[in-house]
Amino acid sequence: MSVEMRKQMLIAECMRQEGFTYVPFEARLADTSAVSRRELAARRGFGAFAHLAVPDDPVANYWLAYDKDPNIKLRQALSLTQRRAWAKAFGRCFVVAVKRLTGKTVKDFVDYQMSYGKEVHAAVSRELDTDPYLLRLAKAYSTCLSARGVRHASSKPTEITGAVSRPFHDELHAISGKTKNGLPVVPNMSPEAAKPYFEREVRAALIDTDCGQTFRNAYFPRRAQLSAPYAKAWAMPVQG
């Protein structure tokens, strides 16, 4: 059983004790193992506007996997008062599940994600932002991006890939200008309205893919190795 499903089972048990139905659910993302990195960039960009511009492509729109969550219909069948009570119970149960799996105390889902991310970033940065080989590769990556007109705020090994993609996610969230439960709200845009943003994002993603290939091949396996013990401690999937 995956660590996510273990978490889901604990949430479901807690929700039953709270008097609510919850179905353990783990999203299964589209298999992209046979898709080249360049094709993925062409179809998904950086994952900012893709789900709005090409909503029916399961490779581009990974949110399609989450739309299969049976708990969506369960919530929709409740009254407004019941939905609010269900959501509060889920929040409490998520905290309980994390505590039982990890021994760690978190305030909510956002705090869980942020606390884990900060801990991993600090550990990875200590090792990889001072690695001479990665520093040379990151500099070459940065030089290539600049020569091809792609702006990026940092050339540090742990920050350069995010520095290229983040402006597109920031732009997406700036369009709505709203937050909910501490998270940015995705704007309501038609595919036609999202298309110009997505096309610009894809152009940058393709350049980023070309410029960063050597860096990524060296950086992400190291990052995954360093992240693994923290992912285990926080009951998170290991990511590169």
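The shown structure was predicted, so the numbers you read here are calculated from the model rather than taken from an experiment.
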Point to revise | Backbone of Leu10 reached by a side-chain donor or acceptor of Glu13 within 3.5 Å | key: no

Study note, to complete from the structure: When rounded to the nearest 0.5 Å, the distance separating CZ of Arg83 from CZ of Arg75 is 9.5 Å

Study note, to complete from the structure: Those residues at least two apart in sequence (or on a different chain) that pass ring-ring contact (aromatic ring centres under 6.0 Å, His included) with Phe46 are Phe168

Practice item. Please round to the nearest 0.5 Å and tell me the distance separating atom CG of Leu137 and atom OG of Ser155. Key: 12.5 Å

Exercise for review: Give the minimum heavy-atom separation between Pro187 and Ile175, together with the two atoms involved.
Suggested key: CB-CG2, 3.8 Å

**Study point:** Pairs meeting criterion side-chain hydrogen bond (donor to acceptor under 3.5 Å, both in side chains) with involvement of residues 131-140, two or more places apart
**Key:** Asp131-Arg222

Review point. Checking salt bridge (charged side-chain N to carboxylate O under 4.0 Å, His left out) for the pair Asp208/Arg216: CA distance, chi angles, key distance, verdict?
Key: CA-CA 10 Å; Asp208 180 63; Arg216 283 187 172 85; 2.4 Å; yes

Check your understanding: Looking only at heavy atoms, what is the nearest atom pair of Cys211 and Arg148, with distance?
Key -> SG-CD, 4.1 Å

Practice item. Establish, yes or no, whether a centroid distance under 6.0 Å links the rings of Trp86 and Phe90. Key: yes

Study note, to complete from the structure: Between Leu74 and Thr21 the two heavy atoms that sit nearest each other are CD1-CG2, 3.9 Å

Review point. Given the rule that I, L, V, M, F, W and Y join up when any side-chain heavy atoms are under 4.5 Å apart, are Leu206 and Tyr197 in one cluster?
Key: yes

Exercise for review: Specify the closest pair of heavy atoms between Leu128 and Thr158, including all atoms of both residues, with the distance to one decimal.
Suggested key: CB-CG2, 4.3 Å

Practice item. Keeping the roles fixed (side chain from Lys107, backbone from Asp111), state whether a donor-acceptor pair exists under 3.5 Å. Key: no

**Study point:** By ring-ring contact (aromatic ring centres under 6.0 Å, His included) - contacts of Phe94 (at least two apart)
**Key:** Phe109, Tyr112

Revision key, fill the gap. The remaining residues in the hydrophobic cluster of Ile72, counting side-chain heavy-atom contacts under 4.5 Å among Ile, Leu, Val, Met, Phe, Trp and Tyr, are none

Revision key, fill the gap. SG of Cys14 to CZ of Phe20, rounded to nearest 0.5 Å, is 11.0 Å

Exercise for review: Taking atom CZ of Arg200 as the centre, report whether more than 12 heavy atoms of other residues, nucleotides or ligands fall under 6.0 Å from it.
Suggested key: yes

Review point. Rounded to the nearest 0.5 Å, what separation is found between the CG atom of Leu52 and the CG atom of Asn188?
Key: 8.5 Å

Check your understanding: When rounded to the nearest 0.5 angstrom, what is the spacing between CZ in Arg16 and SG in Cys93?
Key -> 10.0 Å

Study note, to complete from the structure: Contacts of Lys195 meeting salt bridge (charged side-chain N to carboxylate O under 4.0 Å, His left out) (sequence neighbours excluded), chain-then-number -> Glu199

Check your understanding: Is the number of heavy atoms from other residues, nucleotides or ligands under 6.0 Å of Met5 CE greater than 12?
Key -> yes

Point to revise | 4.5 Å side-chain heavy-atom contact, Thr32 and Arg44 | key: yes

Check your understanding: For the residue pair Val3 and Pro237, what are the closest heavy atoms and their distance?
Key -> CG1-N, 4.2 Å

Point to revise | Counterpart residues, ring-ring contact (aromatic ring centres under 6.0 Å, His included), relative to Phe215 (two or more places apart) | key: Tyr141, Tyr219

**Study point:** Ser142 to His152 - nearest heavy-atom pair and separation
**Key:** OG-NE2, 2.7 Å

Exercise for review: Measure the spacing between CG of Leu226 and CZ of Arg126 and express it to the nearest 0.5 Å.
Suggested key: 9.5 Å

Exercise for review: Kindly determine whether Gln113 and Met236 satisfy side chain to side chain contact (heavy atoms under 4.5 Å, CB included), including the steps that lead there.
Suggested key: CA-CA 9 Å; Gln113 294 280 340; Met236 287 281 199; 3.7 Å; yes

**Study point:** More than 12 heavy atoms from other groups under 6.0 Å of OH on Tyr22
**Key:** yes

**Study point:** Within 6.0 Å of CD in Gln225, more than 12 heavy atoms from elsewhere
**Key:** no

Check your understanding: Any side-chain heavy atom of Ser227 within less than 4.5 Å of one from Val124?
Key -> yes

